[in-house]
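For this chain, numbers begin at 1 and follow the sequence in order.
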Amino acid sequence: MRKSTLAWSTLLLAGSMLLAACSDNGGTPSASGNNPATASAGANAAAGAEAPSSPAPVPAGALSEPFTATDLTKLPAVARNRTDTIIVGLTDPSGAFTPYFQESGYDGNVSSLLYASLVTVDDKGVPTPELAESWDVSEDQLTYTFHLRKDLKFSDGSPLTADDVAFTWTLQYDKAYDGGSSLPSLNVAGGKAYKEGTAATVEGIKVIDPQTISVTLEKPNATALVTLGSNVLSKAYYGRDYKFGNLEYIKKLHEKPLGDGPYKLEKFLPGQEVRLIANENYFKGKPKTEHFIYKTSEGDVWQFVETGEVDYASFSATDENIEKLKALGFVNIIPYTPSTYGYMQVNLKHEQLKDKLVRQAIMYGLDRQSIYVDAAQGAGSVANIPASPISWAYTEEGINPYKYDPEKAKQLLDEAGWTAGAGGIREKNGKPLSIHYLGSKSKNTDIFIAVAKENFEALGIDFQPEVFADFNSLVSKVEGGDYDLVSFSTSMLTDPAEGFMQFFNGEINDYDNPEFLELYNKALATTDIDQRKAVYKELYQLFNDELPILFTSYKKTVYAYNGRIQNVTVSPYIGLAGSLPEWTLK
């Protein structure tokens, strides 16, 4: 199982930075370096169709417009005296900073600064050039030709050419590849033959000249442009020891990544910090701030901001948090509703959770309003489909809101054959109804456990929570299969297809529904927005009923940062990564 597209939902509320969409196609995460995601808007733009417009961002609590620091004289001396370094808080990454081989969205946050993409997206999700200065799409939507900028270099000064792009794409069709990329699902012509070892190359990938490369698909795919346009790996570095069927050697290169992004890795101190230094070979020019540090040590994010130990952090958008941040005087505040959704992954191998009625009962029986909205002082809303409210495909038509209804939950459990047994715990075939829940240590997990314990007890379910001190330990537990429910949040989603990606990248392998696959592929087979939107409505209604995952919440966040930092902008799709190379300290 690969968690690279995912970020632990409660941790994101605790001050972790979400710099970029840690998407599977970006080589992570999963989630979570990465290309910001796949964009149907991009597919339409490439085809000459009109790109969709996204709903306006949802205001964050009491803050609907950016707030500017009122008194920089209050800035702590330690922050005021920094002249060439910006420090940001981040939940501990694992150190797997190589795109396509990452373990978590937090690794993706780091690699988003180490690697650039062929194609990125703007603040409306429409693809824009990055390493590729332009591209062409054939009339049949099968062949994509990318034209690279001239004189591109990796951070060591070596040239970046079409051969590196071809290597990057080919690597993901190796039979040993088990990362979170969605590129293999594009069905590049000849990819299957290469994976099976019956071809020495991937037929559909053709290097035309050092700055030009084309790739041909077996069938159209609306997400192809940005999926193909993700990060580029150096063939000379990452392919030096490459042998078909053996990718273990790449793990040894994680601690010394060679990228082409705005920064280079200077030093990684696990559990403490990630030190980055400006890349003088970055194609847009050397970043304006020489040093960038992710502070990963445990601690109170409020304390870090108040004392000036970090220059940036994110907070739940409660009125209390917003007023407290304003009172500091030295921070700018940006309201932000990310294109993510929270959910509980369900272990569909466990007998009690294979039954849809039991999953529906849990949704009715959990007071999600209290857990995710009221306890967050309104800085969130309840989710019921795998899409963010800011997505062009989002709908509530025909969607069951699963409002808290314990009596309905009990009725469904009765229908599923779970009847009251010893001590009030329901039983079926002599086995008690038990839920083993995994959580990561945080205030939000404490809230969930307290409410869920009471809710489940009322339903006759034995609730067994287990809390982990760090995200990586939790992932290891999930990979071992010893759980019933575990909470995650997606990284940023640009295309609605990404909302289902955990069912294709190895994170969830046990939902076998032909109707789902048929609809999913149908939505990718066209670049017509109206047609895709209609299909996604069917998919959302299907998932809302089937519940192969249990939907939890959408978040409302505010970013607070040192008022000295200039040129900060935020995108709903790629977060702050797009503007960070331009950040300066006045």
Side-chain angles (χ1 to χ4, degrees), residues 17-26 31-58 65-66 108-109 112-113 115-137 144 146-149 222-232 260-262 282-285 287 334-340 387-394 490-499 527 529 532-533 557 559 566-583:
M17 184 175 193
L18 200 55
L19 275 176
C22 301
S23 67
D24 58 287
N25 55 327
S32 224
N34 49 296
N35 180 27
T38 54
S40 63
N44 277 266
E50 183 178 353
S53 60
S54 297
V58 181
E65 298 291 337
N109 281 1
S112 70
L113 299 183
Y115 298 83
S117 300
L118 291 174
V119 181
T120 186
V121 295
D122 64 17
D123 58 5
K124 293 185 178 179
V126 177
T128 59
E130 195 164 54
L131 296 175
E133 63 181 2
S134 64
W135 53 83
D136 305 309
V137 183
Y144 291 74
F146 293 89
H147 305 279
L148 305 185
R149 299 178 189 276
T223 69
L225 177 60
V226 203
T227 300
L228 291 165
S230 191
N231 301 137
V232 180
D260 48 24
Y282 183 46
F283 78 99
K284 291 183 179 179
I334 300 176
Y336 186 68
T337 298
S339 58
T340 64
S388 164
I390 70 171
S391 168
W392 56 263
Y394 181 82
T490 67
S491 54
M492 286 186 253
L493 311 172
T494 304
D495 188 88
E498 291 182 338
T527 59
I529 289 296
R532 294 192 77 206
K533 193 169 185 177
T557 304
Y559 289 161
Q566 304 295 296
N567 306 320
V568 175
T569 59
V570 59
S571 160
Y573 300 107
I574 62 172
L576 299 169
S579 70
L580 195 141
E582 299 298 319
W583 289 13

Got a second to check how far [X]'s [atom1] is from [Y]'s [atom2], nearest 0.5 Å?
X	Y	atom1	atom2	result
Ser230	Glu130	OG	CD	10.0 Å
Met492	Ile390	CE	CD1	9.5 Å
Leu131	Tyr115	CG	OH	13.0 Å
Ser388	Glu498	OG	CD	12.0 Å
Leu228	Phe146	CG	CZ	5.0 Å

Do Pro496 and Trp392 touch side chain to side chain, with heavy atoms closer than 4.5 Å?
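In contact.
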Check whether any side-chain heavy atom of Asp260 sits under 4.5 Å from a side-chain heavy atom of Asn231, and report yes or no.
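Heavy-atom side-chain distance check fails, nothing below 4.5 Å.
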Does any N or O in the side chain of Glu133 come within less than 3.5 Å of the main-chain N or O of Pro129, such that one atom is a donor and the other an acceptor?
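No; zero donor-acceptor contacts below 3.5 Å.
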Under a 3.5 Å distance rule, please check whether Thr527 uses its side chain to pair with a backbone N or O of Ala222 as donor and acceptor.
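No; zero donor-acceptor contacts below 3.5 Å.
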Thr128: which residues meet the side-chain contact (heavy atoms from CB on, under 4.5 Å) condition with it, sequence neighbours left out?
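For Thr128, the residues satisfying side-chain contact (heavy atoms from CB on, under 4.5 Å) (neighbours in sequence not counted) are Thr120, Asp122.
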Residue set satisfying salt bridge (charged side-chain N to carboxylate O under 4.0 Å, His left out) with Glu582, at least two apart, ordered chain then number -> Lys288
Heavy-atom pair with the smallest gap, counting every atom of Pro287 and Pro262
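Of all heavy-atom pairs spanning Pro287 and Pro262, the closest is CG-O, 3.0 Å.
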Work out which heavy atom in Arg149 is nearest to a heavy atom in Phe283; give both atom names and the distance.
NE-CE1, 3.5 Å
Knowing that exactly one of Val570, Thr569, Asn567 qualifies, which makes a side-chain contact (heavy atoms from CB on, under 4.5 Å) with Ser579?
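When side-chain contact (heavy atoms from CB on, under 4.5 Å) is applied between Ser579 and each of Val570, Thr569, Asn567, only Thr569 qualifies.
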